[in-house]
2 protein chains.
Amino acid sequence: MPAVTDWLTRSNALAALEARARERLAGLKAIELPAGKVLFRPGDEVSGFVLVVSGRVGVYMTGPTGREILLYSITPGETCVQTTLGLLGVEDYSAEAVAETALEIVVIPKPLFMDLLDTSTAFRTFVFHAFASRLQSIMQLLERLAFTKIEERLAAILLERCDETGRVRNTHQDLATAIGSAREVVSRRLELFGRKGLVALERGHIEITSKSGLMRLIG
Amino acid sequence: MPAVTDWLTRSNALAALEARARERLAGLKAIELPAGKVLFRPGDEVSGFVLVVSGRVGVYMTGPTGREILLYSITPGETCVQTTLGLLGVEDYSAEAVAETALEIVVIPKPLFMDLLDTSTAFRTFVFHAFASRLQSIMQLLERLAFTKIEERLAAILLERCDETGRVRNTHQDLATAIGSAREVVSRRLELFGRKGLVALERGHIEITSKSGLMRLIG
DNA sequence: TCGATTGTGTGACCATGTCACTGACAAACT
DNA sequence: AGTTTGTCAGTGACATGGTCACACAATCGA
């Protein structure tokens, strides 16, 4: 068990919080979770409002054939709207949240959450914005899924996920999930990219050899 | 200009509103709009919170090829989350809202909206629930788009949109938009349904001849 | 070292979206 | 009535993408 962390101070998401609300939250400890831990599955009971302090969570939807789509990632300072939906009494649906790195999270128990919503303007604003921007991002995902070609989505995700040296530490399957496609499709398209000299393929990762070439594919 | 309507009384969405908040809203008049009116387009300024009192609004997203998807419909007592996003300062994206029938709407000006959010628990709850259930429905749409076959989506929309006698007063294009597909695809699939004896095709509408047959396709 | 697991490559096939048409029908106009 | 115009539906050809069924190579544990 870690020492009580100063998550409230570190979390700039709640920086604007009033002193009174701050006091109420001060007692909560951040919980540490290992990478790979499943935060919730379809049908789970929701016990509180989840705030990610450090690390990254992926929220996935799985189809009947086993194909998966990454709905969104939760980064530090963000919350899991899925659980918020549950707290507000909306039935949930089939999505799964997985810790993609080691995590520190804070769980605000439902009664405290409800109380803060009523009493803290800053907290309310925070929750509203979280909702709004998540809705926004889901709509963008929908738009990409419905209207954008694989080639473009793939190029975009490669550029998004590469490090400074241009290396993308993802398997083809990871990339396929991220863009809502199938592994085989990604493999084939990557091979094409390879033949065009845009990338070099290795087992488990990809080297981008022409960033500008990929960027041209996005427009 | 219609007489001041009693929209607040008629709208059971805000039935639980406190007396004080009710007073603030009492001065607002419902606005009547004709069918076909475009409520907003991408890039429009948002002046207030929109509540539909009667009629139905369709919110569509259009792709570069001209293909359209119905994101959701707004029915009486519901709000347009798109405008709410705007009010909360989230940039909006390319969606369009069209009156599908004649409408009565109420627009709560931004300052009053903000004030109600701060002072009325019931109003806040209403807005939160609106957000939550819209997010929910958008996710379901995403799920259908990503994982469900045309046949199933088409059968579902036919059953959803038929009247008591089994007639669906929609063109193939309407149905295609509703399920996020293309007109030609819907035409072909409908012809197949016809050959199987599930529907009879006419110009401008469709007669369902075997409800149970369509239901079997959904599962 | 020997499986077992994981990541990738491939071919075949089906479902769907797109393009480019055609014709059928209905409302409006002369 | 005939003509025009616009909407709606049917169709063939083709490209893209998802699914299935494999093969094979790299990696990792026991």
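The sequence lines fix the lettering, A, B, ..., with proteins before strands; numbering per chain opens at 1. No hydrogens, no waters, no symmetry mates; every other heavy atom, side chains included, goes into these values.
- A salt bridge is defined here as a Lys NZ or Arg NE, NH1 or NH2 lying under 4.0 Å from an Asp or Glu carboxylate O, and A:Glu104 with A:Arg10 meets this definition.
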Margin query: So if I define the base as every atom that isn't primed, P, OP1 or OP2, how would nucleotides 9-17 of chain C read as a B/S/- string at a heavy-atom cutoff under 4.0 Å?
Written below: BBBB---SB

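- Centroid-to-centroid, the aromatic rings of A:Phe128 and A:Phe123 stay 6.0 Å apart or farther.
- Between A:Phe126 and A:Phe49, the ring planes are perpendicular. Angles over 60° get that label, and only those under 30° would be called parallel.
- Going from atom CG of B:Asn170 over to atom C1' of D:dT7 covers 15 Å, rounded to whole Å.
- In this structure, CD1 of A:Ile179 is placed 15 Å from P of D:dT16, rounded to the nearest angstrom.
- Residue pairs satisfying the salt bridge (charged side-chain N to carboxylate O under 4.0 Å, His left out) criterion with at least one member in residues 165-175 of chain B, sequence neighbours excluded, are listed as follows: B:Arg167-B:Glu207.
- Rounded to an integer number of Å, the gap from CD1 of B:Ile206 to C1' of D:dA9 is 11 Å.
- Classification of A:Glu152 and A:Arg144 as a salt-bridged pair fails, no side-chain N sitting under 4.0 Å from a carboxylate O.
- Side-chain atoms of B:Arg203 come within donor-acceptor range of the base of D:dT7, with a qualifying N/O pair under 3.5 Å.
- Scanning for salt bridge (charged side-chain N to carboxylate O under 4.0 Å, His left out) contacts around A:Arg183 gives an empty result, with sequence neighbours left out.
- Atom C1' of nucleotide C:dA24 and atom CD of B:Glu202 are separated by 14 Å, given to the nearest angstrom.
- If you measure from atom CZ of A:Arg169 to atom P of C:dG7, you get 15 Å, rounded to the nearest angstrom.
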